[in-house]
Amino acid sequence: MWFRNWIVFLTTTLAVSAAANERWLSATDTAIQRQGAWTAAGNRYAGEAAWGTIEEGASLELTFSGQALVLCLDTLTVSNYGPPELGRLEVFVDGALTRTLYPRAEDREVVIARSDGQANLRIRVVHRRDAAGAGCRIRGFRVTETLGGELAMLVSGEDNAALVDVRATITKEGRVIRDTLARNFLTGQLRLAGIPAGDGYTLELRALGWKTARIEGVSIQAGRETRLPPVYLEREWDLRADVFKFPAFGRAVVRQPEQPFRARFQAHQAEILGARVVRRMGPAIISRRCRFEEDKAAAYYYHREGTVVPPADTPPGLYDLEITIRDGRGEETMVSRRSVMVVDRFAADPVFLSFGHLDTWGQYQAEYLARIVGIANIVAPDMVLVANEANPAYAAGALDGLEIPFVVNFGNHRGPDPGAWFGESIGIIDFGREFCVLNFGRAWDTAIADADALLASREASRIKIVNAFEPNAPIAFLDRHRVALIHDG
(Lines give C-alpha, C1' and ligand atoms only; values in the text may rest on other atoms or scores of the structure.)
Protein backbone atom coordinates (compact mmCIF):
# COMPACT_ATOMS: atom_id res chain seq x y z
CA MET A 1 0.00 0.00 0.00
CA TRP A 2 1.51 3.29 -1.08
CA PHE A 3 0.29 6.84 -0.77
CA ARG A 4 1.98 10.20 -0.65
CA ASN A 5 1.81 12.60 2.28
CA TRP A 6 2.67 16.17 1.36
CA ILE A 7 3.79 18.38 4.23
CA VAL A 8 4.48 22.05 3.58
CA PHE A 9 6.27 24.38 5.99
CA LEU A 10 6.41 28.09 5.22
CA THR A 11 8.15 31.11 6.66
CA THR A 12 7.16 34.61 5.76
CA THR A 13 7.31 38.12 7.11
CA LEU A 14 4.40 40.49 6.77
CA ALA A 15 5.86 43.98 6.52
CA VAL A 16 4.51 46.82 8.60
CA SER A 17 4.68 50.00 6.59
CA ALA A 18 6.66 52.87 8.04
CA ALA A 19 6.69 56.43 6.80
CA ALA A 20 9.94 57.79 5.42
CA ASN A 21 9.96 60.53 8.07
CA GLU A 22 10.24 58.25 11.08
CA ARG A 23 12.74 55.98 12.84
CA TRP A 24 12.12 52.71 14.67
CA LEU A 25 13.98 51.79 17.83
CA SER A 26 13.46 48.24 19.05
CA ALA A 27 13.45 47.70 22.79
CA THR A 28 16.67 45.73 22.20
CA ASP A 29 18.40 48.63 20.41
CA THR A 30 21.74 49.66 21.92
CA ALA A 31 20.50 53.27 22.01
CA ILE A 32 18.05 52.24 24.75
CA GLN A 33 19.37 51.71 28.25
CA ARG A 34 17.63 48.91 30.13
CA GLN A 35 17.67 48.75 33.89
CA GLY A 36 16.24 45.86 35.88
CA ALA A 37 15.12 42.46 34.72
CA TRP A 38 13.82 42.48 31.13
CA THR A 39 13.31 39.25 29.23
CA ALA A 40 12.39 38.43 25.64
CA ALA A 41 8.59 38.14 25.37
CA GLY A 42 8.10 37.29 21.71
CA ASN A 43 5.28 34.84 22.26
CA ARG A 44 4.58 31.94 19.93
CA TYR A 45 4.33 33.14 16.31
CA ALA A 46 3.81 36.76 17.36
CA GLY A 47 4.17 39.32 14.58
CA GLU A 48 6.85 41.27 16.44
CA ALA A 49 9.14 40.59 19.37
CA ALA A 50 8.82 42.43 22.67
CA TRP A 51 10.65 42.76 25.96
CA GLY A 52 8.74 42.26 29.17
CA THR A 53 9.23 42.79 32.86
CA ILE A 54 7.40 42.18 36.11
CA GLU A 55 10.06 43.86 38.24
CA GLU A 56 9.18 46.94 40.26
CA GLY A 57 11.25 49.87 38.99
CA ALA A 58 12.57 48.23 35.82
CA SER A 59 13.01 50.93 33.19
CA LEU A 60 13.91 51.84 29.62
CA GLU A 61 15.71 55.11 28.94
CA LEU A 62 16.66 56.93 25.74
CA THR A 63 17.43 60.36 24.30
CA PHE A 64 14.73 61.64 21.97
CA SER A 65 15.16 64.21 19.21
CA GLY A 66 12.21 64.66 16.89
CA GLN A 67 8.61 65.84 16.76
CA ALA A 68 6.88 62.92 18.52
CA LEU A 69 7.91 59.81 20.42
CA VAL A 70 5.52 56.85 20.25
CA LEU A 71 5.72 54.11 22.86
CA CYS A 72 4.90 50.79 21.16
CA LEU A 73 3.37 48.21 23.49
CA ASP A 74 2.44 44.56 22.95
CA THR A 75 -1.29 44.38 23.65
CA LEU A 76 -2.15 41.60 21.17
CA THR A 77 -0.89 38.57 23.06
CA VAL A 78 -3.85 36.64 24.43
CA SER A 79 -3.75 35.19 27.92
CA ASN A 80 -3.01 31.61 26.90
CA TYR A 81 0.26 32.77 25.24
CA GLY A 82 1.55 35.22 27.82
CA PRO A 83 0.80 36.78 31.19
CA PRO A 84 -1.56 39.76 31.37
CA GLU A 85 -0.10 43.25 31.62
CA LEU A 86 -1.25 44.31 35.06
CA GLY A 87 1.28 46.97 36.02
CA ARG A 88 1.49 50.65 35.17
CA LEU A 89 4.13 52.71 33.36
CA GLU A 90 5.40 56.08 34.55
CA VAL A 91 6.82 58.36 31.86
CA PHE A 92 9.52 60.86 32.83
CA VAL A 93 10.70 63.63 30.48
CA ASP A 94 13.98 65.23 31.56
CA GLY A 95 13.40 63.87 35.05
CA ALA A 96 9.82 65.12 35.45
CA LEU A 97 6.88 62.71 35.67
CA THR A 98 4.58 63.66 32.77
CA ARG A 99 2.02 60.85 32.64
CA THR A 100 1.05 57.41 33.89
CA LEU A 101 -0.10 54.66 31.52
CA TYR A 102 -1.90 51.38 32.12
CA PRO A 103 -0.91 49.07 29.23
CA ARG A 104 -3.98 46.88 29.72
CA ALA A 105 -6.15 49.90 28.81
CA GLU A 106 -4.09 51.18 25.85
CA ASP A 107 -3.56 49.98 22.32
CA ARG A 108 -0.13 49.29 20.88
CA GLU A 109 0.77 52.93 20.20
CA VAL A 110 0.83 55.83 22.67
CA VAL A 111 2.49 59.23 22.10
CA ILE A 112 4.49 59.91 25.25
CA ALA A 113 6.45 63.04 24.21
CA ARG A 114 6.29 65.87 21.69
CA SER A 115 8.87 68.56 20.93
CA ASP A 116 9.90 71.09 18.32
CA GLY A 117 12.65 68.75 17.17
CA GLN A 118 15.41 71.14 18.23
CA ALA A 119 16.16 69.90 21.73
CA ASN A 120 17.23 66.48 22.95
CA LEU A 121 14.86 65.14 25.59
CA ARG A 122 15.73 62.40 28.04
CA ILE A 123 12.86 59.91 28.26
CA ARG A 124 12.55 57.29 30.96
CA VAL A 125 9.74 54.71 31.12
CA VAL A 126 9.46 52.97 34.51
CA HIS A 127 7.39 49.89 35.28
CA ARG A 128 5.47 49.94 38.58
CA ARG A 129 3.29 47.46 40.36
CA ASP A 130 -0.29 48.50 40.95
CA ALA A 131 -3.30 47.08 42.76
CA ALA A 132 -3.96 44.60 39.93
CA GLY A 133 -0.42 43.21 39.87
CA ALA A 134 2.63 43.71 37.67
CA GLY A 135 3.85 43.22 34.14
CA CYS A 136 4.28 45.00 30.82
CA ARG A 137 5.58 44.17 27.34
CA ILE A 138 7.24 46.84 25.19
CA ARG A 139 8.19 46.39 21.53
CA GLY A 140 10.07 49.65 21.15
CA PHE A 141 9.66 53.29 20.11
CA ARG A 142 8.78 55.17 16.93
CA VAL A 143 10.41 58.55 16.44
CA THR A 144 8.56 60.79 13.97
CA GLU A 145 10.12 63.84 12.34
CA THR A 146 6.77 65.56 11.73
CA LEU A 147 4.15 66.60 14.28
CA GLY A 148 1.40 64.18 13.34
CA GLY A 149 -1.79 63.20 15.09
CA GLU A 150 -3.49 60.08 16.40
CA LEU A 151 -6.55 58.16 15.26
CA ALA A 152 -8.46 56.20 17.90
CA MET A 153 -11.71 54.27 18.33
CA LEU A 154 -13.16 51.21 20.00
CA VAL A 155 -13.44 48.11 17.80
CA SER A 156 -15.74 45.25 18.73
CA GLY A 157 -17.52 42.63 16.70
CA GLU A 158 -19.77 39.65 16.42
CA ASP A 159 -18.32 36.79 18.46
CA ASN A 160 -16.38 39.47 20.28
CA ALA A 161 -14.69 36.99 22.62
CA ALA A 162 -12.91 35.53 19.58
CA LEU A 163 -11.88 38.89 18.08
CA VAL A 164 -8.25 39.59 18.99
CA ASP A 165 -6.64 42.01 16.55
CA VAL A 166 -7.25 43.59 13.17
CA ARG A 167 -5.08 44.85 10.36
CA ALA A 168 -5.52 48.60 10.16
CA THR A 169 -4.61 50.24 6.85
CA ILE A 170 -4.68 54.00 6.33
CA THR A 171 -4.49 55.30 2.77
CA LYS A 172 -4.66 58.69 1.12
CA GLU A 173 -5.30 59.08 -2.60
CA GLY A 174 -4.43 55.42 -3.08
CA ARG A 175 -1.12 55.62 -1.19
CA VAL A 176 -0.60 53.51 1.93
CA ILE A 177 0.31 55.68 4.93
CA ARG A 178 0.14 53.04 7.68
CA ASP A 179 -0.44 49.29 7.54
CA THR A 180 -0.16 47.56 10.89
CA LEU A 181 -1.77 45.24 13.39
CA ALA A 182 -3.81 46.97 16.07
CA ARG A 183 -6.36 46.58 18.87
CA ASN A 184 -6.17 45.80 22.55
CA PHE A 185 -7.99 42.46 22.79
CA LEU A 186 -9.08 43.13 26.39
CA THR A 187 -10.71 46.50 25.83
CA GLY A 188 -11.21 46.85 22.06
CA GLN A 189 -9.17 50.08 22.11
CA LEU A 190 -7.47 50.87 18.79
CA ARG A 191 -5.04 53.72 18.25
CA LEU A 192 -2.74 54.64 15.37
CA ALA A 193 -0.18 57.31 16.22
CA GLY A 194 2.13 59.51 14.20
CA ILE A 195 -0.15 60.05 11.20
CA PRO A 196 0.73 63.18 9.21
CA ALA A 197 -1.89 65.92 9.62
CA GLY A 198 -4.33 66.23 6.73
CA ASP A 199 -7.76 65.43 5.32
CA GLY A 200 -9.15 62.75 3.04
CA TYR A 201 -7.77 59.64 4.73
CA THR A 202 -9.44 56.23 4.35
CA LEU A 203 -9.25 53.62 7.10
CA GLU A 204 -9.83 49.90 6.56
CA LEU A 205 -10.05 47.38 9.40
CA ARG A 206 -9.66 43.73 8.36
CA ALA A 207 -9.86 40.53 10.36
CA LEU A 208 -10.12 37.19 8.57
CA GLY A 209 -13.58 35.79 9.16
CA TRP A 210 -15.15 39.22 9.74
CA LYS A 211 -16.44 41.74 7.21
CA THR A 212 -14.01 44.57 6.46
CA ALA A 213 -14.93 47.99 7.82
CA ARG A 214 -14.11 50.99 5.64
CA ILE A 215 -14.26 54.59 6.88
CA GLU A 216 -13.65 57.42 4.43
CA GLY A 217 -13.08 61.15 4.82
CA VAL A 218 -10.99 60.93 8.00
CA SER A 219 -9.17 64.10 9.10
CA ILE A 220 -6.06 64.18 11.29
CA GLN A 221 -4.99 67.25 13.25
CA ALA A 222 -1.40 67.85 14.28
CA GLY A 223 -0.71 67.20 17.94
CA ARG A 224 -4.22 65.93 18.65
CA GLU A 225 -6.13 62.67 18.78
CA THR A 226 -9.07 62.19 16.42
CA ARG A 227 -11.58 59.81 17.98
CA LEU A 228 -14.03 58.03 15.68
CA PRO A 229 -17.33 56.44 16.71
CA PRO A 230 -17.09 52.78 17.80
CA VAL A 231 -16.73 50.24 14.98
CA TYR A 232 -18.58 46.92 14.96
CA LEU A 233 -17.41 44.08 12.69
CA GLU A 234 -19.94 41.49 11.57
CA ARG A 235 -18.90 37.93 10.80
CA GLU A 236 -18.48 37.24 7.11
CA TRP A 237 -20.59 34.13 6.55
CA ASP A 238 -20.83 32.04 9.71
CA LEU A 239 -23.72 29.64 10.00
CA ARG A 240 -24.02 28.12 13.42
CA ALA A 241 -23.16 24.42 13.55
CA ASP A 242 -26.64 23.63 14.85
CA VAL A 243 -28.24 24.87 11.59
CA PHE A 244 -26.53 22.12 9.58
CA LYS A 245 -25.56 19.08 11.62
CA PHE A 246 -24.06 17.53 8.47
CA PRO A 247 -22.60 18.02 5.98
CA ALA A 248 -20.89 21.23 7.08
CA PHE A 249 -17.76 23.34 6.88
CA GLY A 250 -14.79 21.17 7.83
CA ARG A 251 -17.03 18.08 7.71
CA ALA A 252 -17.63 17.73 3.99
CA VAL A 253 -19.07 14.74 2.18
CA VAL A 254 -17.20 13.44 -0.86
CA ARG A 255 -19.32 11.86 -3.58
CA GLN A 256 -19.40 11.11 -7.27
CA PRO A 257 -22.38 12.43 -9.27
CA GLU A 258 -25.58 10.51 -8.54
CA GLN A 259 -24.16 9.13 -5.29
CA PRO A 260 -26.47 10.02 -2.37
CA PHE A 261 -25.51 11.58 0.94
CA ARG A 262 -27.42 12.42 4.10
CA ALA A 263 -28.14 15.98 5.24
CA ARG A 264 -29.52 17.09 8.60
CA PHE A 265 -30.61 20.70 9.16
CA GLN A 266 -32.99 22.96 11.05
CA ALA A 267 -36.43 23.12 9.46
CA HIS A 268 -38.85 22.42 12.35
CA GLN A 269 -42.37 22.66 10.87
CA ALA A 270 -41.32 24.31 7.61
CA GLU A 271 -41.98 22.99 4.13
CA ILE A 272 -38.77 21.78 2.45
CA LEU A 273 -38.83 23.23 -1.07
CA GLY A 274 -35.63 21.81 -2.48
CA ALA A 275 -31.85 21.40 -2.42
CA ARG A 276 -29.03 22.37 -4.71
CA VAL A 277 -25.23 22.52 -4.74
CA VAL A 278 -23.58 25.83 -5.67
CA ARG A 279 -19.99 26.70 -6.47
CA ARG A 280 -18.82 30.29 -6.91
CA MET A 281 -15.56 31.09 -8.66
CA GLY A 282 -15.20 34.86 -9.01
CA PRO A 283 -18.13 36.06 -11.11
CA ALA A 284 -18.95 32.51 -12.28
CA ILE A 285 -21.65 30.47 -10.52
CA ILE A 286 -21.98 26.71 -11.07
CA SER A 287 -25.10 25.18 -9.57
CA ARG A 288 -27.13 22.01 -9.85
CA ARG A 289 -30.54 21.18 -8.44
CA CYS A 290 -30.41 17.97 -6.41
CA ARG A 291 -33.01 15.34 -5.71
CA PHE A 292 -34.05 15.39 -2.05
CA GLU A 293 -36.01 12.73 -0.22
CA GLU A 294 -36.87 13.29 3.42
CA ASP A 295 -36.51 10.56 6.01
CA LYS A 296 -39.43 11.54 8.20
CA ALA A 297 -38.50 9.02 10.87
CA ALA A 298 -35.21 10.87 11.45
CA ALA A 299 -36.88 14.17 12.35
CA TYR A 300 -36.32 15.26 15.94
CA TYR A 301 -37.31 18.55 17.56
CA TYR A 302 -36.02 21.34 15.27
CA HIS A 303 -34.06 19.13 12.87
CA ARG A 304 -35.07 17.26 9.74
CA GLU A 305 -33.04 14.83 7.71
CA GLY A 306 -33.03 13.34 4.26
CA THR A 307 -31.04 12.09 1.28
CA VAL A 308 -29.53 14.46 -1.28
CA VAL A 309 -28.49 13.21 -4.73
CA PRO A 310 -26.36 15.44 -7.01
CA PRO A 311 -27.27 14.97 -10.69
CA ALA A 312 -25.13 13.13 -13.22
CA ASP A 313 -23.90 16.32 -14.90
CA THR A 314 -22.44 17.89 -11.71
CA PRO A 315 -18.86 19.03 -12.51
CA PRO A 316 -16.10 18.13 -10.02
CA GLY A 317 -15.40 20.69 -7.31
CA LEU A 318 -16.19 21.82 -3.77
CA TYR A 319 -19.75 23.11 -3.41
CA ASP A 320 -22.00 24.84 -0.91
CA LEU A 321 -25.16 22.95 -0.05
CA GLU A 322 -28.30 25.09 -0.13
CA ILE A 323 -31.61 23.98 1.39
CA THR A 324 -34.66 26.17 0.74
CA ILE A 325 -37.57 26.05 3.18
CA ARG A 326 -40.84 27.96 3.61
CA ASP A 327 -42.75 28.69 6.80
CA GLY A 328 -45.05 31.40 8.11
CA ARG A 329 -42.27 33.98 7.73
CA GLY A 330 -41.71 33.21 4.05
CA GLU A 331 -38.96 31.47 2.14
CA GLU A 332 -35.44 31.03 3.47
CA THR A 333 -32.35 29.45 1.94
CA MET A 334 -29.85 27.99 4.38
CA VAL A 335 -26.28 27.56 3.15
CA SER A 336 -23.76 25.02 4.39
CA ARG A 337 -20.44 26.41 3.20
CA ARG A 338 -18.01 24.24 1.21
CA SER A 339 -19.58 21.03 2.44
CA VAL A 340 -20.04 18.86 -0.67
CA MET A 341 -17.05 17.68 -2.71
CA VAL A 342 -17.95 16.15 -6.08
CA VAL A 343 -15.26 14.00 -7.70
CA ASP A 344 -15.17 12.05 -10.94
CA ARG A 345 -13.24 9.23 -9.21
CA PHE A 346 -11.86 8.33 -5.78
CA ALA A 347 -8.08 8.43 -5.61
CA ALA A 348 -6.51 5.01 -5.02
CA ASP A 349 -3.18 6.66 -4.14
CA PRO A 350 -4.32 9.72 -2.14
CA VAL A 351 -2.25 12.89 -1.73
CA PHE A 352 -2.41 14.84 1.54
CA LEU A 353 -1.18 18.28 2.46
CA SER A 354 -0.80 18.56 6.21
CA PHE A 355 0.33 21.03 8.86
CA GLY A 356 -0.12 21.43 12.57
CA HIS A 357 0.39 23.69 15.56
CA LEU A 358 0.30 26.90 13.53
CA ASP A 359 -1.40 28.50 16.53
CA THR A 360 -3.68 30.79 14.58
CA TRP A 361 -4.70 33.01 17.49
CA GLY A 362 -5.09 36.33 15.67
CA GLN A 363 -4.95 38.24 12.40
CA TYR A 364 -1.20 37.96 11.81
CA GLN A 365 -1.22 34.17 12.11
CA ALA A 366 -4.46 33.93 10.07
CA GLU A 367 -2.75 35.79 7.21
CA TYR A 368 -0.01 33.15 7.28
CA LEU A 369 -2.62 30.38 7.25
CA ALA A 370 -4.35 32.04 4.28
CA ARG A 371 -1.09 31.83 2.33
CA ILE A 372 -0.84 28.11 3.04
CA VAL A 373 -4.43 27.78 1.83
CA GLY A 374 -3.39 29.44 -1.43
CA ILE A 375 -0.53 26.95 -1.84
CA ALA A 376 -2.87 24.05 -1.07
CA ASN A 377 -5.20 25.18 -3.84
CA ILE A 378 -2.27 25.16 -6.28
CA VAL A 379 -0.94 21.78 -5.14
CA ALA A 380 -4.51 20.38 -5.21
CA PRO A 381 -4.16 17.36 -2.90
CA ASP A 382 -7.10 15.09 -2.21
CA MET A 383 -7.41 16.40 1.33
CA VAL A 384 -5.85 18.84 3.82
CA LEU A 385 -5.14 17.74 7.40
CA VAL A 386 -4.91 20.52 10.00
CA ALA A 387 -3.99 19.65 13.59
CA ASN A 388 -3.90 21.56 16.86
CA GLU A 389 -5.23 24.96 15.83
CA ALA A 390 -6.04 27.74 18.30
CA ASN A 391 -8.72 30.36 17.52
CA PRO A 392 -11.56 28.83 15.46
CA ALA A 393 -12.98 32.19 14.33
CA TYR A 394 -9.74 33.27 12.58
CA ALA A 395 -9.01 29.73 11.37
CA ALA A 396 -12.47 29.55 9.79
CA GLY A 397 -11.86 32.87 8.03
CA ALA A 398 -8.58 31.66 6.54
CA LEU A 399 -9.75 28.12 5.70
CA ASP A 400 -12.82 29.46 3.88
CA GLY A 401 -10.58 29.99 0.87
CA LEU A 402 -9.70 26.30 0.70
CA GLU A 403 -11.11 24.56 -2.38
CA ILE A 404 -10.34 21.09 -1.04
CA PRO A 405 -11.98 19.02 1.73
CA PHE A 406 -10.23 19.38 5.08
CA VAL A 407 -10.43 18.38 8.71
CA VAL A 408 -9.20 20.51 11.61
CA ASN A 409 -8.93 20.03 15.35
CA PHE A 410 -8.11 22.33 18.24
CA GLY A 411 -5.73 21.46 21.04
CA ASN A 412 -4.15 22.75 24.20
CA HIS A 413 -3.87 26.39 23.09
CA ARG A 414 -7.42 26.74 21.87
CA GLY A 415 -9.33 29.98 22.21
CA PRO A 416 -13.14 29.92 22.12
CA ASP A 417 -14.82 26.53 21.87
CA PRO A 418 -14.56 25.47 18.20
CA GLY A 419 -17.94 23.75 18.18
CA ALA A 420 -19.76 26.88 17.05
CA TRP A 421 -17.69 26.88 13.84
CA PHE A 422 -16.67 23.27 13.29
CA GLY A 423 -19.18 21.12 15.17
CA GLU A 424 -18.29 17.98 17.08
CA SER A 425 -14.63 17.30 17.85
CA ILE A 426 -14.82 13.73 16.49
CA GLY A 427 -15.98 12.86 12.98
CA ILE A 428 -15.05 10.98 9.84
CA ILE A 429 -14.91 11.73 6.10
CA ASP A 430 -15.19 8.93 3.54
CA PHE A 431 -13.67 8.85 0.06
CA GLY A 432 -15.70 5.91 -1.17
CA ARG A 433 -14.11 2.66 -0.05
CA GLU A 434 -10.63 3.80 -1.00
CA PHE A 435 -9.89 5.69 2.20
CA CYS A 436 -11.42 7.48 5.18
CA VAL A 437 -10.09 10.12 7.55
CA LEU A 438 -10.98 10.16 11.24
CA ASN A 439 -10.71 13.60 12.85
CA PHE A 440 -10.02 13.18 16.58
CA GLY A 441 -9.98 16.47 18.47
CA ARG A 442 -9.76 15.17 22.03
CA ALA A 443 -7.02 13.82 24.26
CA TRP A 444 -6.39 10.11 23.68
CA ASP A 445 -7.48 9.13 27.20
CA THR A 446 -11.07 10.21 26.40
CA ALA A 447 -13.79 9.13 23.96
CA ILE A 448 -11.88 6.22 22.41
CA ALA A 449 -15.20 4.37 22.15
CA ASP A 450 -16.54 7.00 19.73
CA ALA A 451 -13.45 6.70 17.52
CA ASP A 452 -13.62 2.90 17.73
CA ALA A 453 -17.22 2.88 16.52
CA LEU A 454 -16.51 5.19 13.58
CA LEU A 455 -13.53 3.19 12.30
CA ALA A 456 -15.18 -0.16 12.97
CA SER A 457 -18.04 0.88 10.68
CA ARG A 458 -15.46 1.51 7.90
CA GLU A 459 -14.00 -1.99 7.88
CA ALA A 460 -14.17 -2.02 4.07
CA SER A 461 -12.07 1.15 3.70
CA ARG A 462 -8.73 0.25 2.15
CA ILE A 463 -6.77 3.07 3.86
CA LYS A 464 -7.57 4.58 7.25
CA ILE A 465 -6.09 7.93 8.29
CA VAL A 466 -6.28 9.64 11.71
CA ASN A 467 -5.93 13.41 12.19
CA ALA A 468 -5.29 14.13 15.89
CA PHE A 469 -3.92 17.02 17.89
CA GLU A 470 -1.58 14.81 19.99
CA PRO A 471 0.64 11.90 18.83
CA ASN A 472 0.21 9.55 21.78
CA ALA A 473 -2.60 7.40 20.37
CA PRO A 474 -2.92 3.92 21.90
CA ILE A 475 -0.97 1.47 19.76
CA ALA A 476 -3.64 -1.19 20.25
CA PHE A 477 -6.25 1.20 18.80
CA LEU A 478 -4.11 1.91 15.72
CA ASP A 479 -3.36 -1.78 15.16
CA ARG A 480 -6.97 -2.85 15.72
CA HIS A 481 -8.16 -0.64 12.87
CA ARG A 482 -5.03 -0.98 10.67
CA VAL A 483 -4.46 2.77 10.64
CA ALA A 484 -2.05 3.64 7.84
CA LEU A 485 -1.16 7.18 8.96
CA ILE A 486 -1.66 9.32 12.02
CA HIS A 487 -1.11 13.05 11.59
CA ASP A 488 -0.87 15.33 14.62
CA GLY A 489 0.16 18.81 15.64
Side-chain angles (χ1 to χ4, degrees), residues 16 46-48 50 68 70-79 81-82 84-89 99-112 130 132 135-139 142 148-171 177-195 197 199 201-221 223-236 238 361-367 391 393-394 397 415-416:
V16 177
E48 297 172 77
V70 182
L71 173 64
C72 299
L73 302 166
D74 170 25
T75 59
L76 300 186
T77 301
V78 290
S79 55
Y81 287 90
E85 299 175 272
L86 300 179
R88 70 179 191 271
L89 294 174
R99 66 183 302 182
T100 299
L101 301 173
Y102 294 87
R104 61 185 178 273
E106 301 290 344
D107 192 16
R108 303 213 303 164
E109 301 183 348
V110 186
V111 175
I112 58 174
D130 67 6
C136 71
R137 292 187 295 268
I138 296 176
R139 295 178 294 122
R142 285 174 52 220
E150 293 84 64
L151 182 63
M153 72 216 72
L154 290 176
V155 178
S156 61
E158 194 174 355
D159 290 308
N160 197 55
L163 181 61
V164 178
D165 59 339
V166 301
R167 180 163 292 280
T169 305
I170 298 178
T171 59
I177 307 300
R178 291 294 312 281
D179 180 25
T180 187
L181 300 170
R183 188 178 182 266
N184 183 322
F185 82 97
L186 287 174
T187 65
Q189 173 67 38
L190 185 148
R191 181 186 296 108
L192 302 171
I195 305 170
D199 301 321
Y201 285 104
T202 297
L203 171 67
E204 286 194 347
L205 302 175
R206 302 189 304 279
L208 277 169
W210 284 265
K211 294 180 180 179
T212 297
R214 181 181 174 90
I215 304 170
E216 298 182 339
V218 177
S219 297
I220 302 297
Q221 299 181 46
R224 297 186 59 183
E225 180 176 281
T226 298
R227 191 155 194 93
L228 299 179
V231 175
Y232 182 82
L233 304 179
E234 295 180 347
R235 288 292 292 176
E236 185 72 43
D238 284 350
W361 49 266
Q363 175 65 14
Y364 179 75
Q365 298 78 22
E367 291 169 345
N391 188 322
Y394 284 90

**Exercise: identify the closest heavy-atom pair between L89 and C136** = CD2-SG, 3.7 Å

**Asked** To the nearest 0.5 Å, how far apart are CZ in R183 and CD in Q189?
**Response** 10.0 Å

**Asked** Is D107 reaching over with its side chain to a backbone N or O of T75, donor-acceptor style, under 3.5 angstrom?
**Response** no

**Distance, nearest 0.5 Å, that separates CG of N391 from CG of L208** = 11.5 Å

**Request:** Determine the minimum heavy-atom distance between V111 and A68, stating which atoms define it.
**Result:** CG1-CB, 4.5 Å

**Item:** From CZ (R224) to CG (L151), nearest 0.5 Å
**Value:** 13.5 Å

**Item:** Side-chain (R178) to main-chain (L192) donor-acceptor, under 3.5 angstrom
**Value:** no

**Request:** Heavy atoms only: give me the nearest Y394-V164 pair and the separation to one decimal.
**Result:** OH-N, 3.0 Å

**Request:** Give, for atom CG of L228 and atom OG of S219, the distance between the pair rounded to the nearest 0.5 Å.
**Result:** 10.0 Å

**Message:** So that I can tick it off, tell me whether E150 and R191 are bridged by a salt bridge, with the cut-off set at under 4.0 angstrom between side-chain N and carboxylate O.
**Reply:** no

**Polar side-chain atom of D165 near backbone of Q363 as donor-acceptor pair, under 3.5 Å** = yes

**Audit row: L233, V166, side-chain contact (heavy atoms from CB on, under 4.5 Å) steps and yes/no** = CA-CA 10 Å; L233 304 179; V166 301; 4.0 Å; yes

**Prompt:** Where the side chain of R206 meets the backbone of T169, is there a donor-acceptor pair that is under 3.5 Å apart?
**Reply:** no

**Prompt:** Donor-acceptor pair, N184 side chain versus R104 backbone, under 3.5 Å?
**Reply:** yes

**W210 versus E158, closest heavy-atom pair with distance** = NE1-O, 2.8 Å

**Message:** Show the nearest heavy-atom pair for residues A162 and P416, with the distance to one decimal.
**Reply:** CB-CG, 3.6 Å

**Asked** From E204 CD over to T202 OG1, what is the distance, rounded to the nearest 0.5 angstrom?
**Response** 7.5 Å

**Item:** Y201: which of I195, T226, T171, I215 passes side-chain contact (heavy atoms from CB on, under 4.5 Å)
**Value:** I195

**Request:** Look at atom CZ of R227 and say whether more than 12 heavy atoms of other residues, nucleotides or ligands are closer to it than 6.0 Å.
**Result:** yes

**Backbone N/O of L181 and side chain of R108: donor-acceptor pair under 3.5 Å** = yes

**Asked** Taking it one step at a time, do L203 and V231 satisfy side-chain contact (heavy atoms from CB on, under 4.5 Å)?
**Response** CA-CA 11 Å; L203 171 67; V231 175; over 6 Å; no

**Message:** If we ignore hydrogens and angles and just use 3.5 Å, is the side chain of Q365 paired with the main-chain N or O of G362 as donor and acceptor?
**Reply:** yes

**Asked** Is the backbone N or O of E109 less than 3.5 Å from a side-chain atom of R142, with the two atoms forming a donor-acceptor pair by type?
**Response** no

**Message:** Please find the pair of heavy atoms, one from L163 and one from A207, that lie closest to each other, and give the distance.
**Reply:** CD1-CB, 4.1 Å

**Asked** Distance from L73 atom CG to I138 atom CD1, nearest 0.5 Å?
**Response** 6.0 Å

